[in-house]
Amino acid sequence: MSHSDIRPAHTPSVEPAAAARRAATMRAVVRDEYGSPDVLAVRDIPVPALGEGEVLVRVHAAGIDRGAVHILNGRPYLMRLAGFGIRRPKRPGLGSELSGVVRAVGSGVTGFAAGDEVFGVGRSTFAEYAIADATTLAPKPATATHVEAGAVPTSGTTALQAVRDHGRLQPGQRVLVIGASGGVGSFAVQIARALGGTVTGVASTAKLDFVRSLGAEQVLDYTAGDLATQAHERGGRYDLVLDIGGNRSLKTLRRLLEPRGTLVFVGGEGGDQITGGLGRQVRPTLVSRFSSQTFATFWVARPNTADLETLARLIQDGQVRSAVHRTGGLSDVADALRSLEHGQVSGKIVVTP
Ligand SMILES: NC(=O)c1ccc[n+]([C@@H]2O[C@H](COP(=O)([O-])OP(=O)(O)OC[C@H]3O[C@@H](n4cnc5c(N)ncnc54)[C@H](OP(=O)(O)O)[C@@H]3O)[C@@H](O)[C@H]2O)c1
């Protein structure tokens, strides 16, 4: 990429060489190996090169989601085989979500221009600049700050696709969101409400008020005993169960589900080191054929402009908001990831590089 590619259209022509030199490097969170947050450092590295169909964004905010923890420690190991690098990470950077301002566009990009405010999914977004495919960006919702918009892309897209596409929620249905206090769950509660569901959220004791504040009509405390027993005391089974947190067996989850209900496996920690939560999805796929209940497997969310636009509309209409636990700079990313691993976050932490 030439220096002029990364200069904004409105940069004054005085001292262009000095401005370009400054813009050609950036601060970024990097690592050379898989491991704990201790392996992270903030370094000056070159601004990434722009390719065909790609957009260079000055990152104003980047949400931290669970995916960053997995990519940091390289587990489950299956993901190493899926292209992240077998022994060492192929890419030193971390982070997928962003909200920011377009700095330059690659060849073939028609929908975006320098100066546009955008949000979406990019690569190595815990940095001052990041590259995103144009197909995973959308205009930032006008009513949201960069911090609010930066919390949305991966978590919000996952929640939307889980509720609407895999869960096929119909108005009036009863929905159980297991993991309602987390990044994905905080959006899933609100999206399910927006689509006409009656929502019960599951979280730990200290986060139940937070889940109520998102719009859940009822809450269940997973630390207070068997969920099915608690659910049956509060009105029975659910038409749709979103399994986003914990590591419950299919048998346990089926007890929460109406005979013709749908169970969507979104994620959950504590699975085996090789396949993680994905291994749990194989058996339900087979059992689903012989059951009146539907078990929807949700391998990975697929970010795209249309779904980001839907999320932006829900935000602008006031039906969905980002729950931002706290913000921090690039040097706070390691601590933020530790907080996430230890279950100390309600909603999302957002980095402002
Ligand atoms: N399929 C996909 O494409 C996709 C995309 C994004 C994420 N994911 C996966 O989805 C999962 C959630 O991601 P996230 O970003 O929302 O994570 P997160 O912010 O860390 O949230 C985790 C949630 O799980 C809850 N939880 C923890 N232990 C639990 C238990 N034993 N029973 C019930 N709930 C429990 C937490 O509740 P408390 O905090 O109250 O303890 C919290 O609400 C992760 O496994 C992630 O890898 C999958």
Side-chain angles (χ1 to χ4, degrees), residues 63-76 78-79 82 95-97 121 136 151-163 165-167 176-191 200-214 216 219-228 230-231 241-249 252-253 256 264-272 275-281 296-304 307 322-326 336-350:
I64 301 186
D65 80 310
R66 270 278 165 179
V69 175
H70 294 298
I71 293 167
L72 173 65
N73 59 34
R75 288 195 302 271
L78 191 62
M79 57 180 283
S96 70
E97 300 181 305
V121 172
T136 60
V152 175
T154 302
S155 304
T157 298
T158 305
L160 178 67
Q161 294 178 1
V163 174
D165 304 339
H166 300 277
L176 184 72
V177 180
I178 303 175
S181 55
V184 177
S186 59
F187 286 107
V189 168
Q190 299 178 77
I191 291 167
T200 298
V202 178
S204 56
T205 319
K207 297 183 185 174
L208 296 178
D209 281 342
F210 169 69
V211 174
R212 280 192 198 94
S213 78
L214 297 169
V219 292
L220 301 180
D221 181 348
Y222 71 79
T223 69
D226 178 52
L227 284 185
Q230 292 187 56
V241 173
L242 302 179
D243 185 34
I244 309 174
N247 186 25
R248 288 173 180 75
S249 66
T252 303
L253 293 166
L256 293 160
V264 182
F265 286 95
V266 180
E269 303 300 311
D272 69 78
T275 66
L278 294 179
R280 251 176 355 124
Q281 302 193 19
T297 49
F298 188 5
W299 306 109
V300 283
R302 304 208 177 278
N304 62 82
D307 284 354
S322 296
V324 178
H325 184 96
R326 68 170 192 260
L337 289 164
R338 285 184 198 102
S339 297
L340 197 58
E341 281 182 300
H342 295 140
Q344 294 162 343
V345 182
S346 300
K348 302 287 293 280
I349 296 179
V350 178

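Given the structure is predicted, the values throughout are model-derived calculations rather than measurements. Atoms within a ligand are numbered from 1 in the order they appear, just like the ligands themselves.
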Within the 4.0 Å heavy-atom cut-off, what H70 brings close to ligand 1 is side chain
So is R248 close enough to ligand 1, meaning a heavy atom under 4.0 angstrom away?
yes
**Study point:** Distance-only N or O hit between ligand 1 and Y222, under 3.5 Å
**Key:** yes
With heavy atoms and a 4.0 Å threshold, my read on which part of V184 contacts ligand 1 is both
Is it the case that ligand 1 has an N or O less than 3.5 angstrom from some N or O of G185? no
Checking heavy-atom distances from atom 13 (O) of ligand 1 to each of R66, H166, R302, the winner is R66
Residue pair F187, V152: steps toward the side chain to side chain contact (heavy atoms under 4.5 Å, CB included) verdict:
CA-CA 8 Å; F187 286 107; V152 175; 3.9 Å; yes
With a 4.5 Å heavy-atom cut-off, do L227 and Y222 have their side chains touching?
yes
Atoms of ligand 1 under 4.0 Å from any heavy atom of S181, numbered from 1 in the order shown, are 36 (C), 37 (O), 38 (P), 39 (O), 40 (O), 42 (C), 43 (O)
Indicate every side-chain donor-acceptor pair of residues 340-347 with a distance under 3.5 Å to a residue at least two apart or in another chain.
unit_1: H342; atom_1: ND1; unit_2: R338; atom_2: O; d: 3.1

Side chain of K348, backbone of A151: donor and acceptor closer than 3.5 Å?
yes
Go through T158 and I244 one step at a time and tell me if the side chain to side chain contact (heavy atoms under 4.5 Å, CB included) criterion holds.
CA-CA 10 Å; T158 305; I244 309 174; over 6 Å; no
**Message:** So, regarding I178 and ligand 1 (criterion: nitrogen or oxygen to nitrogen or oxygen, under 3.5 Å), is there a contact or not?
**Reply:** no
Numbered in order shown, the ligand 1 atoms found under 4.0 Å of a heavy atom of A301 are 2 (C), 3 (O)
If you compare A203, G182, G267, A206 by their heavy atoms, the one closest to atom 22 (C) of ligand 1 turns out to be G182
Could you tell me whether some N/O pair between K207 and ligand 1 is separated by less than 3.5 angstrom? yes
Atom 5 (C) of ligand 1: of T154, T158, L340, the nearest heavy atom sits on T158
- Message: Donor-acceptor check, side chain of S186 to backbone of G183, threshold 3.5 angstrom: yes or no?
- Response: yes
Atom 12 (C) of ligand 1: of I244, V266, N247, the nearest heavy atom sits on I244
Verify, without hydrogens or angle tests, whether E97 (side chain) and V350 (backbone) share a donor-acceptor contact under 3.5 angstrom.
no
Q) Between N304 and R302, is there a donor-acceptor pair closer than 3.5 Å when you use the side chain of the first and the backbone of the second? A) yes
